*Asks:* 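Mind having a look at this structure? Questions to follow.
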Number of protein chains: 2
Amino acid sequence: MLGEQKKKERAIPVSVIKRLPIYYRYLTILLSREVERISSRELAAKLGLTASQIRQDLSYFGNFGQRGYGYRVKELQKTIGEILGLNNNMQLVLVGAGNLGRAIVNYPNFSKRGFYFKAIFDNNEEVIGEFIGGIKVLHLDDLAGYLEENEIDIGVIATPPEAAAEIAHQLVRGGVKGIWNFAPVSLNLDKEVIVENVHISESLLTLSFRIKEKYGD
Amino acid sequence: MLGEQKKKERAIPVSVIKRLPIYYRYLTILLSREVERISSRELAAKLGLTASQIRQDLSYFGNFGQRGYGYRVKELQKTIGEILGLNNNMQLVLVGAGNLGRAIVNYPNFSKRGFYFKAIFDNNEEVIGEFIGGIKVLHLDDLAGYLEENEIDIGVIATPPEAAAEIAHQLVRGGVKGIWNFAPVSLNLDKEVIVENVHISESLLTLSFRIKEKYGD
DNA sequence: TAGATTGTTAATCGATTAACAATC
DNA sequence: TAGATTGTTAATCGATTAACAATC
């Protein structure tokens, strides 16, 4: 395909990477509505961005548009999916079978996008043996052994903060490529491992600040 | 206090606001360890930032440090808490009593930081009447009426994406100041309302991209 | 063709980093 | 005082926006 050959070798800024999932989600919706084409201007209006920014972002990966026409939704959605690695069949384990862990495992469309939960671990005897999203909960003590015997790409941490550091180390020793961390701690890990943090409560504090700023003290 | 008088009138960049909760969390940990002082250099090392950046950030709000000494942990923690509005007693309602909603309501320390969940709404007859975190689940149909009779600051949306837009509108009509949105949709709302999105799955796609980028296709 | 919209270069804007005088 | 570290200004870096030739 034309786009791939023209792919630039400049490094992709994090800010661009973070917008790709936003594009992907909206294009998927457009696709389900059988919309065939969309211009950078329309897309920008819907997502609260600028047309320039979208064209600039996409240009990092190739030429997907057609001058005078816009972008073909189906093609662009597929290509962004490929850029994001959604066809790479990632194997995941979850540690922490509380409400948050359950919410994550039961999140729809993960398997459709190539993310497969293979095992769940917890240290609470009461939940061990239980099935969540069709997956049996194993004892946390079996995590290291499990990781030795199975090739896992991503470890998901949904435990209380006290437990997170030790679990992260086990995951790293077990050879995961990335950690998706929901525990409210800064994991100081080897730079080799890619860590994506979701610090839920921090965004509530940000919201609180913005409300205070606007409505006064 | 000295700091407050010197407060600058320049607008606070979003990037700075987003780091305040990070500082706050770590200072709270230091405080629990009875650490008395910390320098911008030490703080930077722990949080993966630069000392310059931290000093620059804090200077938006006043002069909290002491030259040659650093920052008093207790004072700085308290001050950042005030900046974030953690003493403002925010009233919240949650819509959506699934796993994610339960995880949010049961998140520790919210009430300690001034966030109070007052009511929970769902449309699933099976959960209505149930108590979650000590709060009774009411029927979604009662949301509008509840908001009329109670002054709520923040509405939390933890529903499937299809329901989110309509609920957001009800929350806005009901007079909330901010929306904390966990549903994977872009809410196109009146600019008056402050929206903070937590799009969990998008960060998994970002992680996937980074893994793919590093380990090849 | 005429109109529309991309892809890309250049200009602007904003955020981070460096440097250092002020000062505890 | 001497050493340390802030607060702040200036320099750098990076990201966004504007502009427009290329072209469908």
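Keep in mind it's a predicted model, so treat the numbers as computed, not measured. Letters go in sequence order (proteins before strands), and every chain restarts at 1. Keep in mind that the numbers below use all heavy atoms, side chains included, and drop hydrogens, waters and symmetry copies.
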*Asks:* Given atom CG of A:Asp57 and atom C1' of D:dT17, what is their separation to the nearest angstrom?
*Replies:*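 Distance check: A:Asp57 CG to D:dT17 C1' gives 12 Å.
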
*Asks:* Does one side chain, of B:Arg25 or A:Ser186, offer a donor that lies under 3.5 Å from an acceptor on the other?
*Replies:*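 Yes, a side-chain donor-acceptor pair sits under 3.5 Å.
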
*Asks:* Can you check whether any acceptor in the base of C:dT6 is under 3.5 Å from a donor in the side chain of A:Arg67, or vice versa?
*Replies:*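 Between C:dT6 and A:Arg67, which were checked side chain against base, a qualifying N/O pair under 3.5 Å is present.
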
*Asks:* With a 3.5 Å cut-off and just heavy-atom distances, do the side chain of B:Ser52 and the base of C:dA18 make a donor-acceptor pair?
*Replies:*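 Looking at the base of C:dA18, it does pair with a donor or acceptor on the side chain of B:Ser52 (distance under 3.5 Å).
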
*Asks:* Does C:dT5 have OP1 or OP2 sitting under 4.0 Å from an N or O in the side chain of A:Ser40?
*Replies:*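 For C:dT5, neither OP1 nor OP2 has a side-chain N or O of A:Ser40 closer than 4.0 Å.
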
*Asks:* Below 3.5 Å, does any donor atom in the side chain of A:Gln56 face an acceptor in the base of D:dT17, or the other way round?
*Replies:*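 Indeed, a donor on one side and an acceptor on the other fall under 3.5 Å apart.
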
*Asks:* Once you round it to whole Å, what is the distance between P of D:dT6 and CG of B:Leu58?
*Replies:*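 After rounding, the gap between these two atoms is 9 Å.
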
*Asks:* Should B:Tyr71 be listed as having a side-chain N or O under 4.0 Å from OP1 or OP2 of D:dG7?
*Replies:*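 Answer is yes, contact under 4.0 Å.
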
*Asks:* May I have the distance from B:Ile54 (atom CD1) to D:dT8 (atom C1'), rounded to whole angstrom?
*Replies:*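 Between C1' of D:dT8 and CD1 of B:Ile54: 16 Å.
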
*Asks:* With sequence neighbours excluded, what pairs up with A:Lys78 under the salt bridge (Lys or Arg N to Asp or Glu O under 4.0 Å) test?
*Replies:*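 Testing A:Lys78 for salt bridge (Lys or Arg N to Asp or Glu O under 4.0 Å), a comparison that skips the adjacent residues, returns A:Glu82.
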
*Asks:* May I ask you to test the B:Val105-B:Ile120 pair for a side-chain heavy-atom distance under 4.5 Å?
*Replies:*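 Touching, per the 4.5 Å side-chain cut-off.
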
*Asks:* Have A:Asp57 and A:Tyr23 got a donor and an acceptor in their side chains that come within less than 3.5 Å?
*Replies:*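 Yes, side-chain donor-acceptor contact under 3.5 Å.
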
*Asks:* Determine whether the aromatic ring centres of A:Tyr116 and A:Phe110 lie less than 6.0 Å apart.
*Replies:*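 Here the rings of A:Phe110 and A:Tyr116 have centres that are no less than 6.0 Å from each other.
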
*Asks:* In this structure, which stretches of DNA chain C are paired as stems of three or more consecutive Watson-Crick or G-U pairs, both distances less than 3.5 Å?
*Replies:*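 Only these stems qualify: C:3-24 with D:3-24.
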
*Asks:* Rounded to the nearest Å, what distance is computed from the CZ atom of residue A:Phe61 to the C1' atom of nucleotide C:dT8?
*Replies:*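 One finds 16 Å between C1' of C:dT8 and CZ of A:Phe61, rounded.
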
*Asks:* Rounded to the nearest Å, what distance is computed from the CD atom of residue A:Glu42 to the C1' atom of nucleotide C:dA4?
*Replies:*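 Answer to the nearest Å: 12 Å.
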
*Asks:* Please find the pair of heavy atoms, one from B:Ile22 and one from A:Glu202, that lie closest to each other, and give the distance.
*Replies:*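 In this case the closest contact between B:Ile22 and A:Glu202 is CG1-OE1, 3.5 Å.
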
*Asks:* Looking at B:Arg41, does any N or O in its side chain come under 4.0 Å of the phosphate oxygens OP1/OP2 on D:dT6?
*Replies:*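 Checking B:Arg41 against D:dT6: no side-chain N or O falls below 4.0 Å of OP1 or OP2.
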
*Asks:* Using only heavy-atom distances, decide whether a donor-acceptor pair under 3.5 angstrom links the side-chain of B:Gln66 to the base of C:dT23.
*Replies:*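 Looking at the base of C:dT23, it does not pair with any donor or acceptor on the side chain of B:Gln66 (distance under 3.5 Å).
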
*Asks:* Do any side-chain nitrogens or oxygens of A:Asn63 fall under 4.0 Å of OP1 or OP2 in C:dT8?
*Replies:*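 Checking C:dT8 against A:Asn63, a side-chain N or O does come within under 4.0 Å of OP1 or OP2.
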
*Asks:* May I have the distance from B:Arg55 (atom CZ) to C:dA21 (atom P), rounded to whole angstrom?
*Replies:*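 Spelled out: CZ on B:Arg55 to P on C:dA21 is 14 Å.
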
*Asks:* Separation of A:Arg19 atom CZ from D:dT17 atom C1', in whole Å?
*Replies:*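 Distance, rounded to whole Å: 12 Å.
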
*Asks:* For the residue pair A:Arg37 and A:Tyr71, would you count it as a cation-pi contact if the rule is NZ or CZ under 6.0 angstrom from the ring centre and within 45 degrees of the ring axis?
*Replies:*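 No cation-pi geometry.
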
*Asks:* For A:Ile12 and D:dA15, what is the distance between atoms CD1 and C1' respectively, to the nearest whole Å?
*Replies:*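 Answer to the nearest Å: 14 Å.
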
*Asks:* Closer to the 5' end of DNA chain D via nearest nucleotide, is it A:Pro13 or A:Tyr69?
*Replies:*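 Checking each residue's closest nucleotide, the 5'-ward one belongs to A:Pro13.
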
*Asks:* Less than 3.5 Å apart, any donor N or O on the side chain of A:Ser203 or B:Glu196 sitting next to an acceptor on the other?
*Replies:*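 Result is no, nothing qualifies.
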
*Asks:* Look at B:Ser59 and D:dT6 and indicate whether a side-chain polar atom (N or O) is within less than 4.0 Å of OP1 or OP2.
*Replies:*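 For D:dT6, neither OP1 nor OP2 has a side-chain N or O of B:Ser59 closer than 4.0 Å.
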
